[in-house]
Amino acid sequence: MSEFKSDFLRTLKERGFIHQVSDERGLDDLFAKETVTAYIGFDPTAPSLHAGSLIQIMMLHWMQKTGHRAISLMGGGTGMVGDPSFKEEARQLMTVDTIEGNIASIKRAFSNYLNYGDGPKDALMINNAEWLRSLNYLEFLRDVGKHFSVNRMLSFDSVKTRLDREQSLSFLEFNYMILQAYDFVEIAKRYDCRLQMGGSDQWGNIVNGIDLGHRMGTPQLYALTSPLLTTSSGAKMGKSATGAIWLNADMLSAYDFWQYWRNTEDADVSRFLKLYTTLPMDEIARLSALGGSEINEVKKILATEVTAILHGRESADQAAETARKTFEEGLVAENLPSVDIPGTELDGGIGLLSLMVRAGLAGSNGEARRHIQGGAVRINDEAVSDERRLIGSSEITADGVIKLSLGKKKHILIRRAA
């Protein structure tokens with residue numbers, strides 16, 4: 001469609017969220033005339049989601065912002081199976097206790113994007129374990145399984161890619177698309193939910209749910225997917241050289257989160273301002289027109305705005321100020337990430353390779369060694385070339401810390417613990 005009538009779809013289109021819609025006109029008419037409920041499913045495979053999930057979370061944010069009801073569905077039931085879509089191998093199965101703990105932890109980050117509550121437009125966080133764990137298998141096969149063609153299921157790319165690899169697709173995982181389709185039907189019946197959204201890799205699973213809903217008597221259901229994002233250089237969103245960009249503050253500091261967005265590639269800045277911030281489109285257009293050295297200031301705005309939504313404005317501004325002091329003034333900023341090392345270890349001296357791993361600047365001694373050999377490591381702003389060097393109390397500066405740096409943008413303060 002050239003132009004949407006509804007605020008929600010118009011917002012999503014102009015900000016670049018839409019990849020496919022099952023029935024654009026029908027969905028637009030629905031949004032224009034009533035309060036619509038939509039959901040996105042998230043697998044609780046870790047205690048936190050990472051930045052790769054932010055595009056979906058922002059879609060739910062705009063659902064609520066434009067006056068509709070958003071549901072974040074946690075896969076407490078499907079998480080016991082594992083989504084095989086485009087995975088090279090089976091996921092490790094998790095216990096119920098682990099899944100429940102992950103869901104409770106994940107909700108803390110979600111609450112920064114959505115207002116949860118009992119009102120008609122308040123967001124809901126629900127768990128598909130409510131209906132999946134109590135299913136009677138024989139009844140489920142009879143009532144739901146009869147609607148699925150194995151021939152059609154085998155034709156989906158998410159299945160074919162696994163069948164073409166050495167790692168087999170288990171019957172357990174093969175059931176996942178049936179369970180996800182059944183989720184859509186259950187949520188439609190329980191919450192009058194008409195739309196499921198997700199990444200473009202979920203299109204087949206969502207359309208399966210629409211088809212199952214039609215066969216099981218729901219109102220017309222709809223699908224909307226977002227593009228699968230990579231950076232301009234092809235890197236996967238939500239990952240950095242040192243690991244996942246977690247959304248929970250206890251797994252990644254506000255400063256490190258800010259730095260991830262500050263390091264955005266030039267070609268991605270305009271797109272990321274639209275997708276990951278709530279800045280007005282005219283302001284984004286103004287910022288996107290800037291070039292040359294000014295692009296670095298725009299990246300700082302991007303980083304601060306994205307961080308402010310998740311961690312709060314104060315933490316975002318503090319992260320920006322910490323970066324300014326560190327990079328522009330060369331000072332040791334107190335708010336840099338830090339690691340406490342027992343005084344007894346520092347007195348005896350701790351190996352640089354080991355220290356880099358403990359500080360999170362390298363995943364292994366071998367990786368740390370490569371960084372040192374490449375000239376990327378500094379102690380108190382002085383380059384280090386000796387991989388066998390011991391770091392001890394004598395390196396503690398007048399500020400009471402040892403500043404360990406990797407490249408120009410990653411700094412960890414080593415503090416002496418009692």
Side-chain angles (χ1 to χ4, degrees), residues 1-42 53-73 113-115 119-126 180-181 183-229 270-285 288:
M1 285 178 64
S2 58
E3 189 63 47
F4 289 112
K5 295 179 294 185
S6 61
D7 287 344
F8 174 66
L9 290 178
R10 192 164 56 245
T11 298
L12 257 57
K13 183 178 180 180
E14 68 183 6
R15 287 182 172 268
F17 283 96
I18 297 178
H19 179 69
Q20 280 180 287
V21 182
S22 59
D23 174 5
E24 287 188 346
R25 188 173 301 281
L27 186 60
D28 192 35
D29 288 343
L30 187 69
F31 270 104
K33 71 182 181 182
E34 63 183 74
T35 301
V36 178
T37 299
Y39 87 95
I40 298 178
F42 299 88
S53 297
L54 265 185
I55 186 169
Q56 271 76 51
I57 296 173
M58 289 302 293
M59 289 165 77
L60 292 177
H61 170 84
W62 287 114
M63 268 292 291
Q64 189 169 55
K65 190 92 170 177
T66 54
H68 300 278
R69 186 167 69 155
I71 293 177
S72 47
L73 174 71
Y113 298 89
L114 296 170
N115 294 319
K121 295 181 181 179
D122 284 339
L124 299 173
M125 178 171 279
I126 58 179
Q180 184 171 331
D183 278 347
F184 201 174
V185 174
E186 275 293 322
I187 297 171
K189 291 179 177 178
R190 291 175 181 231
Y191 301 98
D192 190 29
C193 179
R194 303 290 297 278
L195 170 66
Q196 182 184 171
M197 301 186 291
S200 59
D201 61 333
Q202 294 298 313
W203 179 257
N205 288 337
I206 299 174
V207 170
N208 260 342
I210 294 175
D211 185 54
L212 182 62
H214 177 72
R215 295 169 185 269
M216 297 185 73
T218 67
Q220 179 62 53
L221 304 179
Y222 299 90
L224 188 158
T225 60
S226 60
L228 283 185
L229 280 188
S270 179
R271 183 171 55 139
F272 287 3
L273 283 168
K274 294 175 186 177
L275 291 171
Y276 298 115
T277 81
T278 56
L279 290 174
M281 288 298 293
D282 56 352
E283 174 67 2
I284 291 174
S288 299

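The side-chain contact (heavy atoms from CB on, under 4.5 Å) search around Thr11 returns Arg15, Trp62, Thr66, not counting sequence neighbours. The ring-ring contact (aromatic ring centres under 6.0 Å, His included) test applied to Phe42 returns Phe110, not counting sequence neighbours. Listed by chain and residue number, nothing satisfies the ring-ring contact (aromatic ring centres under 6.0 Å, His included) test with His61 (two or more places apart in sequence, or in another chain). The ring-ring contact (aromatic ring centres under 6.0 Å, His included) check on Tyr276 picks up Trp261, Phe272, with sequence neighbours excluded. Not counting sequence neighbours, the partners of Asp29 by the salt bridge (charged side-chain N to carboxylate O under 4.0 Å, His left out) test are Lys5. For the side-chain contact (heavy atoms from CB on, under 4.5 Å) test, residues two or more places apart in sequence or in another chain that qualify with Ala188 are Thr218, Leu221. The side-chain contact (heavy atoms from CB on, under 4.5 Å) check on Pro280 picks up Asp282, Glu283, with sequence neighbours excluded. Partners of His19 by side-chain contact (heavy atoms from CB on, under 4.5 Å), not counting sequence neighbours, listed by chain and number: Ser200, Thr225, Pro227. Taking Phe184 as the reference, Tyr39 meet the ring-ring contact (aromatic ring centres under 6.0 Å, His included) condition, with sequence neighbours excluded. Applying the salt bridge (charged side-chain N to carboxylate O under 4.0 Å, His left out) test to Asp7 and every residue at least two apart in sequence or in another chain returns Arg10. With sequence neighbours excluded, the residues satisfying side chain to side chain donor-acceptor pair (under 3.5 Å) with Arg69 are Thr37.
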**OP:** Any chance you could lay out the side chain to side chain contact (heavy atoms under 4.5 Å, CB included) test for Leu30 and Gln220, step after step, and finish with the verdict?
**Re:** CA-CA 10 Å; Leu30 187 69; Gln220 179 62 53; over 6 Å; no

Subject >> Gln56 and Leu60: CA distance, side-chain angles, deciding distance, side chain to side chain contact (heavy atoms under 4.5 Å, CB included) verdict >> reply: CA-CA 7 Å; Gln56 271 76 51; Leu60 292 177; over 6 Å; no

**OP:** Applying side chain to side chain contact (heavy atoms under 4.5 Å, CB included), run through Leu73 and Tyr191 and close with a yes or a no.
**Re:** CA-CA 12 Å; Leu73 174 71; Tyr191 301 98; over 6 Å; no

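At least one donor-acceptor pair closer than 3.5 Å links the side chain of Asp28 to the backbone N or O of Ser6. Judged by distance alone, the side chain of Gln64 and the main-chain N or O of Asp122 form no donor-acceptor pair under 3.5 Å.
The shortest side-chain heavy-atom distance between Lys274 and Met281 falls under the 4.5 Å cut-off. Residues Tyr222 and Val21 form no side-chain contact, since every pair of their non-hydrogen atoms from C-beta on lies 4.5 Å or further apart. Taking 4.5 Å as the limit, some side-chain heavy atom of Met59 sits within range of a side-chain heavy atom of Leu224. For the pair Phe31/Met63, a side-chain contact is recorded, criterion being any heavy-atom separation below 4.5 Å from C-beta on.
Nearest heavy atoms, Ile206 versus Ala223: CG2-CB, 3.3 Å. Nearest heavy-atom pair across Glu3 and Lys13 is N-NZ, 4.5 Å. Minimum heavy-atom separation, Ser288 to Leu273: OG-CD1, 4.4 Å. Closest approach of Thr35 and Gly67 over heavy atoms only: CG2-O, 3.7 Å. Of all heavy-atom pairs between Cys193 and Ile187, the closest is CB-CG2, 3.4 Å. Between Val36 and His68, the closest heavy-atom pair is N-ND1, 2.9 Å.
Here the CD1 atom belonging to Ile284 is positioned 13.5 Å from the CZ atom belonging to Arg271, to the nearest 0.5 angstrom.
No side-chain donor from either of Gln196 and Gln202 sits under 3.5 Å from a side-chain acceptor of the other.
Listed by first then second residue, pairs satisfying salt bridge (charged side-chain N to carboxylate O under 4.0 Å, His left out) with a partner in residues 204-224 read Asp211-Arg215, not counting sequence neighbours.
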